[in-house]
**Q** 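So that we are looking at the same thing, I have put the structure below in structure tokens.
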There are 2 protein chains.
Amino acid sequence: MMSAANTKPRNDLLAAVPYQIEAGLKKLGANLKTARLRRNLTTEAVAMKIGTSRFVVSDAEKGKPSTSIAAYAALLWTYGLIDQLSELANPLTDEVGTTLALSHERSRARRSRKLNNDF
Amino acid sequence: MMSAANTKPRNDLLAAVPYQIEAGLKKLGANLKTARLRRNLTTEAVAMKIGTSRFVVSDAEKGKPSTSIAAYAALLWTYGLIDQLSELANPLTDEVGTTLALSHERSRARRSRKLNNDF
DNA sequence: CTGCTATGTTAGCTCAAGCTAACAATAAAG
DNA sequence: CTTTATTGTTAGCTTGAGCTAACATAGCAG
């Protein structure tokens, strides 16, 4: 009786995806669906090409958060848009990062004694 | 003896990720790592913020294909870069798609009798 | 240089992602 | 309108993604 009550998911991230992330993924999925339809391809045809099932393609087009990035990336690749993926978080266009980088450029994060909880 | 020989993975996509996809994911992972370090955050701090373990953060920074897109998206979100995600495959900047779309704009793909194997 | 700590690595375990199969719903072709 | 095929949905099953824990490695602060 007590056992079933304690049903805390092991993965907190997937258990409660922040709204902005959910919204972003849904838009991405919609974009992928539009890209497929414009090329007049079926989910099954695309699935075969990338070596998966049509359900995974469908999941990605719905923006399902738990689907592997490989699925999303494979769709981008199929539509000739793979280059856009590696532009995400590009250091050259990451303004916040670029500004911050001018001072320190490390290979590990580090506590500098005090000011740590800023952010 | 025959049983073990037939070890075909269930997921063909993850079993053999195309090179371009692998390369793109690795670059993305490197970008995410750079973004984190510029902000002087530890993998553990970021992991806590997004509700996962530091190993998942590490996996994403390595560009692991089987990691959920939620993990990648959460990192982008943490660094204030989530908007870039929904710009992927944006129909407005998908040249190939835009050109093709001028003729048909469907909600399902369709075989038009013959010419199907083009692409 | 020296200690502190961030990160890498490994092993074992658990649960859900992704698979198959069957059926329903529905958009497009003619 | 009728036919056909694409897409949605569900259920059950299997494998691997992600977790914990412990230890090793190696940057950074001082």
Side-chain angles (χ1 to χ4, degrees), chain A residues 3-4 6-17 29-30 32-34 36-37 39-48 50-72 74 103-116, chain B residues 3-4 6-17 25 29-30 32-34 36-37 39-48 50-72 74-75 103-116:
Chain A
S3 57
N6 193 5
T7 313
K8 190 197 170 200
R10 309 220 305 140
N11 189 328
D12 289 342
L13 173 57
L14 292 178
V17 181
L32 289 171
K33 182 164 190 169
T34 301
R36 175 176 62 80
L37 289 171
R39 288 161 178 80
N40 195 35
L41 298 168
T42 66
T43 56
E44 194 156 22
V46 171
M48 272 190 50
I50 67 180
T52 187
S53 70
R54 69 186 173 98
F55 302 100
V56 173
V57 174
S58 171
D59 285 342
E61 291 185 351
K62 284 180 200 147
K64 192 177 170 193
S66 57
T67 295
S68 75
I69 198 168
Y72 287 85
S103 41
H104 46 64
E105 194 82 72
R106 287 192 272 273
S107 67
R108 282 191 184 188
R110 196 74 189 183
R111 267 212 297 237
S112 56
R113 207 163 25 174
K114 285 197 173 183
L115 25 89
N116 192 27
Chain B
S3 56
N6 192 7
T7 313
K8 189 197 170 198
R10 307 219 307 140
N11 191 326
D12 289 342
L13 173 56
L14 292 176
V17 180
L25 288 176
L32 289 172
K33 182 164 191 170
T34 301
R36 175 176 62 81
L37 290 172
R39 289 162 178 79
N40 197 35
L41 299 167
T42 66
T43 56
E44 194 155 23
V46 171
M48 273 189 50
I50 67 179
T52 188
S53 70
R54 69 185 174 99
F55 302 101
V56 172
V57 175
S58 172
D59 284 342
E61 291 185 350
K62 283 179 200 148
K64 192 178 169 192
S66 57
T67 295
S68 76
I69 196 167
Y72 287 86
L75 292 178
S103 42
H104 47 60
E105 194 81 73
R106 286 192 273 272
S107 66
R108 281 191 185 189
R110 195 74 191 184
R111 266 211 301 235
S112 57
R113 208 164 23 176
K114 284 198 172 180
L115 25 88
N116 194 27

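Computed from a predicted structure; not experimentally measured. In what follows, chains are A, B, ... by sequence order, proteins preceding strands, each numbered from 1.
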**Q** How close or far is atom P of D:dA5 from atom CD of A:E44, stated in whole angstroms?
**A** 12 Å
**Q** Look up atom OG in B:S107 and atom NZ in A:K33, then write down how far apart they are to the nearest 0.5 Å.
**A** 7.5 Å
**Q** To the nearest 0.5 Å, what is the distance between OG (A:S53) and CE (A:M48)?
**A** 12.5 Å
**Q** Using whole Å, what does the distance between atom C1' of nucleotide D:dC28 and atom CG of B:N40 come to?
**A** 10 Å
**Q** Looking at residues at least two apart in the chain, or sitting in another chain, which of them share a side-chain contact (heavy atoms from CB on, under 4.5 Å) with B:A70?
**A** A:L13, A:L14, A:P65, B:S68
**Q** Find which nucleotide of DNA chain D each of A:S107 and B:T52 is nearest to by heavy atoms, and output the residue with the more 5' nucleotide.
**A** B:T52
**Q** Using a 4.0 Å cut-off on heavy atoms, which residues in residues 59-69 of chain A reach DNA chain C? List them by number, or say none.
**A** A:S66, A:T67, A:S68
**Q** Counting only side-chain N and O atoms of B:S58, is one of them less than 4.0 Å from OP1 or OP2 of C:dT7?
**A** no
**Q** Go through C:dG18, D:dT7, C:dA29 for me and flag the one nearest to the A:L37 side chain.
**A** D:dT7
**Q** Can you tell me how far C1' of D:dT7 sits from CE of A:M48, to the nearest Å?
**A** 17 Å
**Q** What is the distance, rounded to the nearest whole Å, between atom CG of B:L13 and atom P of D:dG16?
**A** 13 Å
**Q** If each of A:A109 and A:S53 is mapped to the nucleotide of DNA chain C with the nearest heavy atom, which maps nearer the 5' terminus, i.e. the 5' end?
**A** A:A109
**Q** Pairing donors with acceptors under 3.5 angstrom, does anything connect the side chains of B:N40 and A:R106?
**A** yes
**Q** Please check this pair: side chain of B:D12 against backbone of A:I50, looking for a donor-acceptor N/O pair closer than 3.5 Å.
**A** no
**Q** From CG of A:L14 over to C1' of D:dG18, roughly how many Å is that when rounded to an integer?
**A** 9 Å
**Q** OP1 or OP2 of D:dG8 less than 4.0 angstrom from a side-chain nitrogen or oxygen of A:K33, does that happen here?
**A** yes
**Q** Over how many whole Å does the gap from A:Y72 atom OH to C:dG18 atom P extend?
**A** 9 Å
**Q** Nearest heavy atom decides the nucleotide; on that basis, is B:R54 or A:R36 closer to the 5' end of DNA chain D?
**A** A:R36
**Q** List every contact pair, protein side and nucleotides 2-5 of chain C side both N or O, where the distance is under 3.5 Å.
**A**
unit_1 : atom_1 : unit_2 : atom_2 : d
C:dC4  : O2     : A:R110 : NH2    : 3.0
C:dT5  : OP1    : A:R111 : NH2    : 3.4

**Q** Looking at five pairs on each end of the helix from C:dC1-D:dG30 to C:dG30-D:dC1, what is the angle between the two axes, given to 10 degrees?
**A** 90°
**Q** Starting at CG of B:L41 and ending at C1' of C:dT7, how long is that distance when rounded to a whole Å?
**A** 15 Å
**Q** I'd like to check the salt bridge (charged side-chain N to carboxylate O under 4.0 Å, His left out) partners of A:K64; sequence neighbours left out, ordered by chain and number.
**A** A:D59
**Q** Counting side-chain heavy atoms from C-beta on, which of D:dT9, D:dA21, D:dG18 comes nearest to B:F55?
**A** D:dA21
**Q** Measure the NZ-CG distance between A:K62 and A:L32 for me, rounded to the nearest 0.5 Å.
**A** 14.0 Å
**Q** So, using side-chain contact (heavy atoms from CB on, under 4.5 Å) as the criterion, who are the partners of A:T43 when residues are at least two apart?
**A** A:R36, A:R54, A:V57, A:E61
